[in-house]
Amino acid sequence: MSDQTLHDEASAADRWLRSYYALRGAVSVLWVAAALTVGTMSPFVAGALLMVYPAWDAVANVIDARQNGGLRRNPTQAFNTVVSSVTTVGVAFALAASMNAVLGVFGVWAALSGLLQLATAVRRWKRVGGQWLMIVSGAQSAAAGAMFLRQAGAPETPSVADIAPYAAFGAFYFLVSAVWLTVSAARRSRDAARTAR
């Protein structure tokens with residue numbers, strides 16, 4: 001495989017991740033806005049939002065994996081898809097029990113999906129830039145999962161608003177990653193133009 005082919009593949013992966021991270025960040029921002037407004041006023045909407053969040057994560061992992069050779073070539077994302085899908089079903093059952101149960105399910109999911117996101121970022125490190133943010137995000141997600149599990153056992157009844165900060169941090173990391181990759185690509189183009197002169 002020629003250097004030019006490798007460069008073209010890296011550029012395509014870079015462009016895809018910029019768009020993908022921006023989309024994930026935007027969806028998370030919308031979810032947080034909905035959770036903190038209508039979600040706090042309607043238990044039905046809150047329940048729907050709590051199921052939508054892991055379901056969207058599952059779909060997003062499938063979309064990203066397909067852009068990068070498919071689920072077989074991306075085992076961490078394949079496993080993340082399964083974890084997020086099972087979590088969606090788990091949240092649906094937990095809603096019938098209590099919000100503490102829902103928070104417990106979210107805790108397990110946040111921990112597992114965070115570690116899988118971290119593993120995906122490490123795997124991509126050599127090929128695509130900006131992955132250090134995804135590594136930090138994955139580690140923080142795992143830590144948030146442990147916190148959710150602790151809070152789930154508390155006597156206080158949590159709400160969708162208690163999960164909103166977790167989603168907000170996710171949005172932050174995705175959006176900053178998109179900006180980071182965009183700035184890096186612009187610098188590389190500028191440097192290449194200077195070299196060609």
Side-chain angles (χ1 to χ4, degrees), residues 13-14 16-18 20-29 31-32 35 49-94 100-154 158 160 162-178 180-181:
D14 206 55
W16 160 251
L17 279 183
R18 288 201 302 268
Y20 174 68
Y21 289 161
L23 174 63
R24 293 216 54 177
V27 170
S28 291
V29 167
W31 189 92
V32 170
L49 287 169
L50 289 166
M51 287 189 292
V52 163
Y53 196 70
W56 159 242
D57 189 73
V59 171
N61 271 287
V62 170
I63 293 170
D64 187 30
R66 284 182 176 173
Q67 286 289 325
N68 291 279
L71 289 170
R72 285 189 179 183
R73 286 184 57 186
N74 297 278
T76 53
Q77 288 182 291
F79 190 37
N80 211 345
T81 299
V82 173
V83 169
S84 295
S85 299
V86 170
T87 298
T88 303
V89 176
V91 168
F93 281 102
N100 292 77
V102 171
L103 192 62
V105 172
F106 256 84
V108 174
W109 173 62
L112 286 175
S113 66
L115 292 173
L116 290 166
Q117 178 181 310
L118 188 156
T120 299
V122 169
R123 184 168 46 82
R124 284 177 164 165
W125 184 277
K126 291 182 180 179
R127 198 165 48 93
V128 185
Q131 293 305 296
W132 65 274
L133 282 161
M134 290 294 99
I135 289 172
V136 173
S137 175
Q140 187 166 338
S141 178
M147 183 187 70
F148 284 160
L149 285 169
R150 188 171 64 252
Q151 290 177 341
V160 67
D162 293 303
I163 295 170
Y166 167 75
F169 272 109
F172 170 79
Y173 283 117
F174 277 121
L175 292 173
V176 171
S177 293
W180 181 278
L181 290 173

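Just so we're clear, the structure is a prediction, and the values are computed from it rather than from any experiment.
- Looking at heavy atoms from C-beta onward, Asn80 lies out of side-chain contact with Thr120 at the 4.5 angstrom threshold.
- By the 4.5 Å heavy-atom criterion applied to side chains, Trp31 and Val160 are counted as neighbours.
- Using a 4.5 Å heavy-atom threshold, the side chains of Trp180 and Tyr21 count as separate.
- The main-chain N or O of Gln131 is never found under 3.5 Å from a side-chain atom of Trp125 such that the two would form a donor-acceptor pair.
- To the nearest 0.5 Å, the span separating CG on Leu49 from CH2 on Trp56 amounts to 15.0 Å.
- Looking at every heavy atom in both residues, Leu175 comes nearest to Ala26 through CD2-N, 4.1 Å.
- At least one donor-acceptor pair under 3.5 Å links the side chain of Asn61 to the backbone N or O of Asp57.
- With Thr88 contributing its side chain and Ala55 its backbone, the two residues share a donor-acceptor pair below 3.5 Å.
- The side-chain heavy atoms of Leu50 and Phe106, taken from C-beta on, include a pair separated by under 4.5 Å.
- Within the model, atoms CD1 of Ile63 and CH2 of Trp16 stand 6.5 Å from one another, a figure rounded to the nearest 0.5 Å.
- Annotation: side chain of Leu115 is not in contact with side chain of Phe79 (no heavy-atom distance under 4.5 Å).
- Of all heavy-atom pairs between Thr76 and Ala119, the closest is CG2-CB, 3.7 Å.
- Taking every heavy atom of both residues into account, Gln117 and Met134 meet most closely at NE2-O, 3.2 Å.
- In terms of heavy atoms, Ala168 sits closest to Val32 at N-CG2, 3.6 Å.
- Looking only at distances, a side-chain donor or acceptor of Ser28 sits under 3.5 Å from a matching main-chain atom of Arg24.
- Checked against salt bridge (charged side-chain N to carboxylate O under 4.0 Å, His left out), Asp64 has the following partners two or more places apart in sequence or in another chain: Arg124.
- Partners of Trp109 according to the side-chain hydrogen bond (donor to acceptor under 3.5 Å, both in side chains) rule, which considers only residues two or more places apart in sequence or in another chain, are Ser84.
- When all heavy atoms of Asn68 and Asn74 are compared, the pair lying nearest together is O-ND2, 2.9 Å.
- Across all their heavy atoms, Ala154 and Asn100 have their closest contact at O-ND2, 3.1 Å.
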Enumerate, atom names and distances included, each donor-acceptor pair closer than 3.5 Å involving a side-chain atom of residues 140-152, sequence neighbours excluded.
{"residue": "Gln140", "atom": "OE1", "partner": "Tyr173", "partner atom": "OH", "Å": "2.6"}
{"residue": "Ser141", "atom": "OG", "partner": "Ala110", "partner atom": "O", "Å": "2.8"}
{"residue": "Ser141", "atom": "OG", "partner": "Tyr166", "partner atom": "OH", "Å": "2.8"}

